[in-house]
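These notes concern the structure reproduced below.
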Amino acid sequence: AKESHWCYEVQAENPQFSCEGPDQWGGDCQKSHQSPINIMTNETRLDHHLGDFSFSGYDKKERRTVQNNGHSVMVSLESGVAINGGGLTTQYRATQLHLHWSEKVDKGSEHSLNGQRFAMEMHIVHEKGAGTSSVEEENPKDKIAVLAFLVEEGDELNEGFRPLVEALDRIPIPNMSTTMEPSSIMDLLPKKGKLRHYFRYQGSLTTPDCDETVVWTVFKEHIQLHKDQILAFSQKLYYDKEQKMRMTDNVRPLQHLGDRLVYTS
Ligand SMILES: Nc1nc(-c2ccc(Cl)c(S(N)(=O)=O)c2)cs1
Ligand SMILES: [Zn+2]
């Protein structure tokens, strides 16, 4: 039996933890179509089928549950939030959103663009409508669609992120959850008109078991957060209930692109 749980490099190298770091992750984690990757923007291929997304339920103001799950901070998204278009074959329903971050402004994103990493990365996770998938389509390569937004430091407070940042104080340790003040997902995103340009590639979950069932969308337009809002994630959250280690650098190392191409809208 596995004697320890999976964790990030920063935890694995801390003697107070006995856990499996990224190079020991099991499941599909050691396979060849993994995420995240570095995107060399001048090597991407234009794909005319990558049209605009249509977002439903994204502008709905809801009181949503947010939890510390020991690896990230995760907002549960109820039914009625979905995406269509964006070169995807069918509707995908949102299940959750979470983030990855560091306290250094060039280390917290999972994906990088031309070798540049950003302060944070937000992932909105969607699942293909549970539908007609036949028996062999048990784990299709596009079972999950993740919308990834890079976050960089801006000089103004991001009002849309206020409910999430203010909730962090209430969920310092794993398995704590709380309700956020009413907010919409759209409040968290860059201006809608700027969501036409994105990168697209086939990859995996960036957490175990790293299933290679994710169609990735990395938007070119970045989210701007004030430095204090970014730092709040590393300052208020802990990986462990004994509060021995602050939750930061919850970022998987870059994976090889291998025989894959990255497309651009
Ligand atoms: N326990 C946890 N699960 C996740 C998770 C779940 C599904 C997905 Cl798709 C992802 S990711 N980073 O690939 O978007 C992360 C985070 S923390
Ligand atoms: Zn993620």
Side-chain angles (χ1 to χ4, degrees), residues 2 4-12 19-22 25-31 33-39 65-77 81-83 86 88 92-102 107-112 117-128 130 139-151 164 168 171 173-177 185 188-189 198-219 223 233 237-241 245 247-255 260:
K2 254 183 354 185
S4 63
H5 195 56
W6 69 269
C7 63
Y8 289 102
E9 189 53 44
V10 69
Q11 293 167 278
C19 56
E20 294 179 333
W25 290 358
D28 288 355
C29 300
Q30 309 304 330
K31 289 188 172 176
H33 287 184
Q34 291 288 293
S35 297
I37 58 168
N38 175 50
I39 296 171
T65 303
V66 56
Q67 63 164 307
N68 175 335
N69 67 13
H71 309 287
S72 181
V73 59
M74 187 146 82
V75 178
S76 307
L77 301 176
V81 179
I83 51 173
L88 301 175
Y92 282 74
R93 279 199 285 275
T95 56
Q96 50 108 332
L97 74 84
H98 62 272
L99 297 98
H100 304 265
W101 62 87
S102 175
K107 266 191 70 181
S109 66
E110 294 209 299
H111 289 87
S112 56
R117 286 169 65 187
F118 297 83
M120 302 180 86
E121 188 165 330
M122 181 169 79
H123 292 156
I124 310 179
V125 181
H126 303 72
E127 298 216 351
K128 210 171 191 176
N139 252 352
K141 305 178 80 58
D142 60 356
K143 182 177 159 225
I144 294 173
V146 180
L147 303 187
F149 297 87
L150 298 162
V151 180
L164 176 55
L168 302 180
I171 52 171
I173 59 179
N175 302 320
M176 289 187 83
S177 67
I185 305 168
L188 304 173
L189 305 189
Y198 53 85
F199 299 108
R200 164 65 45 78
Y201 79 98
Q202 177 60 41
S204 73
L205 273 71
T206 67
T207 56
D209 282 335
C210 312
D211 313 43
E212 296 190 332
T213 58
V214 181
V215 48
W216 278 94
T217 301
V218 180
F219 287 92
I223 294 169
F233 289 81
L237 301 172
Y238 290 85
Y239 277 120
D240 60 313
K241 59 184 184 306
M245 186 166 196
M247 188 181 281
T248 190
D249 297 302
N250 52 353
V251 174
R252 186 189 190 187
L254 288 173
Q255 303 295 306
R260 294 176 285 179

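Counting starts at 1 for both ligands and their atoms, following the listed order. For the numbers below, each heavy atom of this structure counts, side chains included, while hydrogens, waters and symmetry mates do not.
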Side chains of Val73 and Leu168 in contact at under 4.5 Å (non-hydrogen atoms): yes
Ring-plane angle category for His123 and Trp216, please: parallel below 30°, perpendicular beyond 60°, tilted otherwise. perpendicular
Is there a heavy atom in Arg252 that sits closer than 4.0 Å to ligand 1? no
Within the 4.5 Å heavy-atom criterion, are Trp101 and Lys107 side-chain neighbours or not? no
Should Met74 be listed as contacting ligand 1, given a heavy-atom distance under 4.0 Å as the test? no
Ligand 1 versus Val146, non-hydrogen atoms closer than 4.0 Å: side chain, backbone, both, neither? side chain
Within reach of ligand 1, part of Asn69 (heavy-atom separation under 4.0 Å): side chain
Identify, with sequence neighbours excluded, every residue that meets side chain to side chain donor-acceptor pair (under 3.5 Å) alongside Glu212. Gln34
Just to verify, what does Leu188 make a side-chain contact (heavy atoms from CB on, under 4.5 Å) with, not counting sequence neighbours? Leu97, Met122, Phe161
Number the atoms of ligand 1 from 1 as they appear, then name those within less than 4.0 Å of a heavy atom of Trp216, with their elements. 13 (O), 14 (O)
For atom 10 (C) of ligand 1, closest protein heavy-atom neighbour: His98 CE1, 3.6 Å
Find all atoms of ligand 1 within a distance of less than 4.0 Å from any non-hydrogen atom belonging to His100, and give their numbers and elements. 12 (N)
Within the side chain of Asp142, is there an N or O that forms a donor-acceptor pair under 3.5 Å with the backbone of Thr213? no
Does the side chain of Val125 reach to within under 4.5 Å of the side chain of Ile144, using non-hydrogen atoms? yes
Closest heavy-atom approach to atom 5 (C) of ligand 1 among Val251, Thr207, Thr213 is made by Thr207
Closest protein heavy atom to atom 8 (C) of ligand 1, given as residue, atom name and distance to 0.1 Å: Leu205 CG, 3.8 Å
Which residue owns the protein heavy atom closest to atom 6 (C) of ligand 1, what's the atom, and how far is it? Gln96 NE2, 3.4 Å
Around the Zn ion (ligand 2), how many protein N, O or S atoms are closer than 2.8 Å? 3
Please verify the inter-ring angle class for Trp6 with Trp25; under 30° counts as parallel, over 60° as perpendicular, anything in between as tilted. perpendicular
Partners passing side chain to side chain donor-acceptor pair (under 3.5 Å) against Thr248 (at least two apart in sequence or in another chain): Ser234
Element-labelled atoms of ligand 1 that are located less than 4.0 Å from some non-hydrogen atom of His71: 1 (N), 17 (S)
Can you pull out the closest protein heavy atom to atom 13 (O) of ligand 1? Residue, atom name and distance to 0.1 Å, please. Thr206 N, 2.9 Å
With a cut-off of 4.0 Å, which atoms of ligand 1 are near a heavy atom of His123? 11 (S), 12 (N), 14 (O)
Any luck finding a side-chain donor-acceptor pair between Arg117 and Ser112 under 3.5 Å? no
Please confirm whether His100 and His111 have ring centers closer than 6.0 angstrom. no
Are Ser35 and Tyr201 close enough, and set up right, to give a side chain to side chain donor-acceptor pair (under 3.5 Å), and what steps lead you there? CA-CA 10 Å; Ser35 297; Tyr201 79 98; 2.8 Å; yes
